[in-house]
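Letters A, B, ... are given to chains in the order of the sequence lines, protein chains preceding strands, and every chain is numbered from 1.
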Amino acid sequence: MAVEDHERGREAFASEEEYRLHALRHSTAHIMAEAIGVVFPGARFAIGPATKDGFFYDVDVPRSITPEDLARIEEEMKRVVKRNSPFEKKVVTRDEAVALFGAAGQDFKVERISLLDEAAEISIYDHGGFVDLCRGPHTPRTGNCKHFKLLKISGAYLYGDSANKQLQRVYGTVWPTKEALDQYLFRLEEAKKRDHRRLGTQLGLFMFHDYAPGAAFWLPKGEDLYHTLSEAMRTLLKDEGYVPVRTPMVFDKALWETSGHWAHYQENMYHFAEGHHHEGASDEEDDSRILGLKPMNCPSHMLIFGSQRRSYRELPLRIHDQGVLHRNEVRGALGGLTRVRQFCQDDAHIFCTHEQIQSEVADLLNLVRRVYECFGLGFQAKLSTRPQDHLGSVALWDQAEESLEAALKQAGLEYKVNVGDGAFYGPKIDFDVLDALGRDWQCATIQLDFQIPQRFELRYIGADNAEHAPVVIHRAIFGSFERFIGILIEHYAGAFPLWLSPEHVRVMTVSEKSLSHGLAVTAALKAAGVKVTFNNNDDKIGKKIREGIGDKVPYMAIIGEQELESGGVAVRSRDHGELGALSVEDLITRLRAEARVPFSA
RNA sequence: GCCGAGAUAGCUCAGUCGGUAGAGCAACUGAUUCGUAAUCAGUAGGUCGCAGGUUCGAUUCCUGUUCUCGGCACCA
């Protein structure tokens, strides 16, 4: 009986291992709940699921839980594990469950029972007297949950709704063996080392300042990297039939009213009165118009499309724009380069006919995949479908979702479907990439939009000589340069491939005797278009190499008396170690080949 | 925006149970001219995030505030 219980639900998991980990983690969440109840008598419990690497429990206790409390909770948990009680499942009636949790003062549980489906089986799990509402599965005994650690405490809204009370969420991790736990904790430490915020400072790529929260300062090396990516994308998109444009940053409020941003996005926009402030005039008296800083490029592109009569022969028209965008994100949302207030997208809008949607999207999917593969970046494609709150007919939505799905299948991409997660104006396909700490971030996006062409009353003349509304596809491959560079820094741990690297070669002298040759080599490399720097400090060569390694420079060219003699360089590669003596010409040839943008034609 | 934690030299961090601070690296000066992961010696560097309060005295305690971090919520 007990064994059967623990088998239950196994088919819902991809593998035996996944099933066991899930049961282990969820069971440890129960154990933690019991422990929290001991440390904080009267604690009320909401939900406590297993997560990707561990578990959490949302609880309501009278005061803030501190790191010291975590230690106490861990102590209690150890006691429960040692007790090695079995997890016992019991099926109860709705009334029994309500009575049980009601008597215990667990009103979140009572509330949850009332939300359960009429027909649903209500089960409770009991381990050594601690009972929780739960559908399982669990590990056989508390003794199985030995290798855990509580990690962090945070606030979390009841049922994830900010209208609800905020509870405290305690996160932990648990593994089948001590080795697996230690390995996980080690991985966390390692991940911190490749955090782009840390590497950005260390490598001198960018900085932030209190005076401009959420806006990066790109330092010379970071600017170089940014510019390389920006140019690479411009070139790629030109090859793909896009036309680049440059558009204003500040617009009359009327534009935002037309686009719908004023109604739907105003709180995220920076806006201000145009007028110069006159002595004695109050803000209210100022009758100057209101201007808004653009949070997106689409309205500009609608104006461009609408500025002339368009023929079906011009479609698909693909407009690319790397304009600077500002969004007034709430303070708590900001973080490093992954969530900023000022950024730039590799943005484009494709104006096309309904018939062209599928092939355009299929091309885009292939393009995204091609670009990401060049970086060796893993991604997860997501199809987001019609939300509750949407504009346009259901038939139109169904058709659009079908074409996106058909394109995904045509491209042979694996994807998951997020039902109801589409934008109010159309369904979309997003590409999520993981950061060093395992958090996923949306980068590439392909969004169909049937609404905005209507709002701007856009028309083209079809082959039938009649007017038609074009479809607009909003799309970005990197997403924002800021976020994408953040992801790349972590992906490469700062050791960029040559084509992205702001410093290709560092020339370094062994001693002052070889200064003249060092200068000559540096000049020759520079003349050949190589990004080169020269280190002629009177440090020992070992020290200079050590610094070069720390700075993750792809190549070091060592110049000593031998090289002075031969006229060549001794090359050390970051990725392949010592390459030995090379002529300057051979080095340049090698660098040129490696500096090619991998996704250019 | 919400819950919690934090802010000390350019960077990483220590410290002061209230008596205005210290290390390593970096910088600068001098010596050294050296062959693939740290040459030696010296010098300089800080309104201890900002503003108030308590106190004889605050970087330390209290309040507010800005920013950062971990989550939550948000994320056309």
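U65(B) and A7(B) have their C1' atoms separated by 13 Å, given to the nearest Å. Of the C1' atoms belonging to A73(B) and U59(B), the separation is 35 Å, rounded to the nearest Å.
As rounded to whole Å, 16 Å separates atom P of C3(B) from atom CG of D58(A). Here U12(B) presents its P atom at 12 Å from CG of L199(A), a figure rounded to the nearest Å. Atom pair D575(A):CG and A37(B):C1' shows a separation of 16 Å (rounding to whole Å applied). In this structure, D539(A) atom CG and C28(B) atom P are separated by 11 Å, rounded to whole Å. The CD atom of Q442(A) sits 9 Å away from the C1' atom of C75(B) (whole-angstrom rounding). Nucleotide A76(B) holds its P atom 10 Å from the NZ atom of K382(A), rounded to whole Å. Distance Y157(A) OH to G71(B) P: 16 Å, rounded to the nearest Å. In this structure, CZ of R331(A) is placed 3 Å from P of G1(B), rounded to the nearest angstrom.
Close to G70(B), at under 4.0 Å from its OP1 or OP2, lies no side-chain N or O of K152(A). For R198(A) and C69(B), the shortest distance from a side-chain N or O to OP1 or OP2 is not below 4.0 Å. Close to C72(B), at under 4.0 Å from its OP1 or OP2, lies a side-chain N or O of Y171(A). OP1 or OP2 of C34(B) sits under 4.0 Å from a side-chain N or O of K513(A). The phosphate of G4(B) (OP1 or OP2) has a side-chain N or O of S64(A) nearer than 4.0 angstrom.
The ring of F424(A) has its center closer than 6.0 angstrom to the ring center of H264(A).
Residue-level contact check: I541(A) touches the backbone only, with heavy atoms under 4.0 Å from sugar-phosphate atoms and none from bases. Looking at heavy-atom distances under 4.0 Å, G560(A) makes contact with a base. Using a 4.0 Å heavy-atom cutoff across all strands shown, R572(A) reaches at least one base atom of the nucleic acid. Residue contacts shown for S154(A) include a base, since a base heavy atom lies under 4.0 Å away. Here G160(A) lies in heavy-atom contact (under 4.0 Å) with sugar-phosphate atoms only. Nucleic acid contact class of G336(A) (heavy atoms, under 4.0 Å, all strands): sugar-phosphate only. Among the heavy atoms of the strands lying under 4.0 Å from G335(A) are primed sugar atoms or P, OP1, OP2 only; no base atom is included. Among the heavy atoms of the strands, none lies under 4.0 Å from Q451(A).
Side-chain atoms of Q166(A) and base atoms of C2(B) include a donor and an acceptor less than 3.5 Å apart. Applying the 3.5 Å distance criterion, the base of G1(B) shares no donor-acceptor pair with the side chain of E329(A). Within 3.5 Å, no donor on the side chain of H474(A) pairs with an acceptor on the base of A76(B), nor the reverse. Put simply, the side chain of R327(A) and the base of C74(B) share no donor and acceptor less than 3.5 Å apart.
Pairing for C56(B) goes to G19(B), judged as Watson-Crick or G-U wobble with the two contacts each under 3.5 Å. Nucleotide C69(B) has G4(B) as its partner under the Watson-Crick or G-U criteria, with both atom distances under 3.5 Å.
With RNA chain B read from its 5' end, the first of the two nearest nucleotides for L167(A) and E547(A) is the one closest to L167(A). Mapping Q168(A) and M296(A) onto RNA chain B by nearest heavy atom places Q168(A) at the nucleotide closer to the 5' end.
Side-chain contact annotation: S501(A) with K552(A), donor-acceptor N/O pair under 3.5 Å absent. Judged by distance alone, the side chains of S480(A) and Q345(A) never bring a donor and an acceptor atom under 3.5 Å apart. Donor-acceptor pairing under 3.5 Å is recorded for the side chains of T173(A) and W175(A).
Of the listed nucleotides (U33(B), C11(B), C67(B)), U33(B) has the atom at the smallest distance from the side chain of S511(A).
Partner of H271(A) under the ring pair (Phe, Tyr, Trp, His ring centres under 6.0 Å) criterion, chosen from Y265(A), W262(A), W256(A), F251(A): W262(A).
Pairing each heavy atom of D551(A) with each of L203(A), the nearest pair is O-CD2, 3.8 Å.
Remark: D430(A) engages K428(A) in a salt bridge, criterion side-chain N to carboxylate O under 4.0 Å.
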